[in-house]
Amino acid sequence: MKYFKKMIKQLIPVDNEEWDYICSKLKKVEVKKGETIHAAGEIFSDIWFVKSGVARSYFTDVNGKDFTWQLYFRGKTKHGLNHFLDDSVSHYENTGSMLNFEALEDSVFYTIALAELDEFISTNKKWEHLTRIWLHDTYFAATYKRVISLMSETAKERYERLLDEYPLIEKQVKSYHIASYLGIAPQTLSKLKK
């Protein structure tokens with residue numbers, strides 16, 4: 001929790017009473033490598049913060065092939081935050097999520113119900129401010145950069161960008177998940193590594 005508190009305090013002041021309240025609402029969840037965190041089709045009702053480990057979200061096409069949408073790690077990368085597992089679209093539209101979420105290694109998360117989080121955020125403008133910052137860094141900026149990268153960069157450029165953002169990714173994530181994230185075949189990734 002120290003890391004999470006430090007992240008928050010870099011952006012807004014937090015007193016002990018507020019921090020105790022936040023801690024009382026968070027639930028610590030341990031997930032083993034390969035376990036499903038959330039299944040597509042279910043409504044996404046909690047937000048998950050990565051304490052340790054690695055996870056991914058993915059969708060499966062009509063032919064049964066899965067495509068990695070996002071990778072989640074602890075910490076701030078060169079290109080923003082990437083440690084909140086979330087499908088707010090599912091939550092706010094009250095529809096089944098299109099994404100599956102799974103742990104790629106043994107992982108620990110802090111979770112909170114999105115409804116509880118919304119209620120807490122509405123208590124003070126500083127929490128709304130923090131939420132706007134995280135929404136920008138975590139969702140809008142990351143999604144924007146990812147889509148533009150897929151549409152405008154070569155496979156090599158996308159691979160180099162990924163290594164720049166996550167230097168240890170090849171030690172933590174299997175090659176076929178990396179290839180899927182980059183939108184390329186595993187054979188193409190093998191060529192790029194050489």
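- Closest heavy-atom contact between Glu102 and Gly34: OE1-O, 3.9 Å.
- A distance-only check finds a donor-acceptor pair linking the side chain of His38 to the backbone of Glu42 [under 3.5 Å].
- Remark: the backbone N or O of Glu119 is not paired with any side-chain donor or acceptor of Thr123 at under 3.5 angstrom.
- Within a 6.0 Å sphere centred on CD of Glu17, other residues, nucleotides and ligands contribute 12 heavy atoms or fewer.
- Transitive grouping of hydrophobic side chains (ILVMFWY, heavy atoms separated by less than 4.5 Å) keeps Tyr144 and Val89 in distinct clusters.
- By the 4.0 Å N-to-carboxylate-O rule, Lys32 lies too far from Glu35 to be salt-bridged with it.
- Ring centroids of Phe120 and Tyr21 are separated by less than 6.0 Å, placing the two rings close together.
- A donor-acceptor distance shorter than 3.5 angstrom exists from the side chain of Ser107 to the backbone of Val54, with no hydrogens or angles considered.
- Taking the ring centroids of Phe44 and His91, they lie at or beyond the 6.0 Å cut-off.
- Between Phe49 and Phe109, a ring centre-to-centre spacing not shorter than 6.0 Å is recorded.
- Glu170 places none of its side-chain heavy atoms less than 4.5 Å from the side chain of Ser175.
- Atoms CG and CG, from Asp86 and Asp46 in turn, are 10.0 Å apart once rounded to the nearest 0.5 Å.
- Taking the side chain as every heavy atom from C-beta outward, Tyr159 and Lys193 approach each other to under 4.5 Å.
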Asp66 vs Tyr176, side-chain contact (heavy atoms from CB on, under 4.5 Å): CA-CA, chis, key distance, verdict: CA-CA 10 Å; Asp66 69 279; Tyr176 61 88; over 6 Å; no
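- The cationic group of Arg146 lies under 6.0 Å from the six-membered ring centre of Tyr181 and within 45° of the ring axis, placing it in a cation-pi geometry.
- Residue Val29 forms a side chain to side chain contact (heavy atoms under 4.5 Å, CB included) with just one option from Ile37, Val108, Thr111, and that option is Thr111.
- Linking Ile, Leu, Val, Met, Phe, Trp and Tyr residues whenever their side-chain heavy atoms come within less than 4.5 Å places Val147 and Leu99 in a single cluster.
- Under a cut-off of 6.0 angstrom, the local environment of OH in Tyr92 is crowded, with over 12 non-hydrogen atoms contributed by other residues, nucleotides or ligands.
- In the hydrophobic clustering of this structure, Phe84 does not group with Ile43; members are Ile, Leu, Val, Met, Phe, Trp, Tyr whose side-chain heavy atoms approach within less than 4.5 Å, directly or through other members.
- Residues Trp69 and Tyr58 keep their aromatic ring centres 6.0 Å or farther apart.
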Glu18 and Lys126: CA distance, side-chain angles, deciding distance, salt bridge (Lys or Arg N to Asp or Glu O under 4.0 Å) verdict: CA-CA 12 Å; Glu18 290 169 323; Lys126 73 179 179 183; 2.8 Å; yes
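- Within a 6.0 Å sphere centred on CG of Asn16, heavy atoms belonging to other residues, nucleotides or ligands number 12 at most.
- Side chains of Lys65 and Ser180: a donor-acceptor N/O pair is absent below 3.5 angstrom, by distance only.
- Here OG1 of Thr68 is found 9.5 Å from CD of Gln70. Values are rounded to the nearest 0.5 Å.
- Taking hydrophobic clusters as Ile, Leu, Val, Met, Phe, Trp and Tyr residues chained together by side-chain heavy-atom distances below 4.5 Å, Leu85 does not share a cluster with Met98.
- Interatomic distance, NE2 of His177 versus CG of Leu71, reported as 9.0 Å (0.5 Å rounding).
- With salt bridges taken as basic N to acidic carboxylate O contacts below 4.0 Å, none links Arg158 and Glu153.
- Residues Glu105 and Val173 form no side-chain contact, since every pair of their non-hydrogen atoms from C-beta on lies 4.5 Å or further apart.
- Side-chain N or O atoms of Asn100 include one that pairs as donor or acceptor with a backbone N or O of Ala40 at under 3.5 Å.
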Asp106 and Val31: CA distance, side-chain angles, deciding distance, side-chain contact (heavy atoms from CB on, under 4.5 Å) verdict: CA-CA 6 Å; Asp106 291 350; Val31 182; over 6 Å; no
Test log, rule side-chain contact (heavy atoms from CB on, under 4.5 Å), inputs Leu117 and Ile47: CA-CA 9 Å; Leu117 183 62; Ile47 191 165; 3.9 Å; yes
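- The local environment of NZ in Lys174 is sparse, with at most 12 non-hydrogen atoms from other residues, nucleotides or ligands closer than 6.0 Å.
- In the hydrophobic cluster analysis, where Ile, Leu, Val, Met, Phe, Trp and Tyr join through side-chain heavy atoms closer than 4.5 angstrom, Phe67 is grouped apart from Leu150.
- Panel note: side chain Thr154, backbone Glu157; a donor-acceptor pair is recorded below 3.5 Å.
- A side-chain N or O of Ser57 and one of Tyr72 form a donor-acceptor pair less than 3.5 Å apart.
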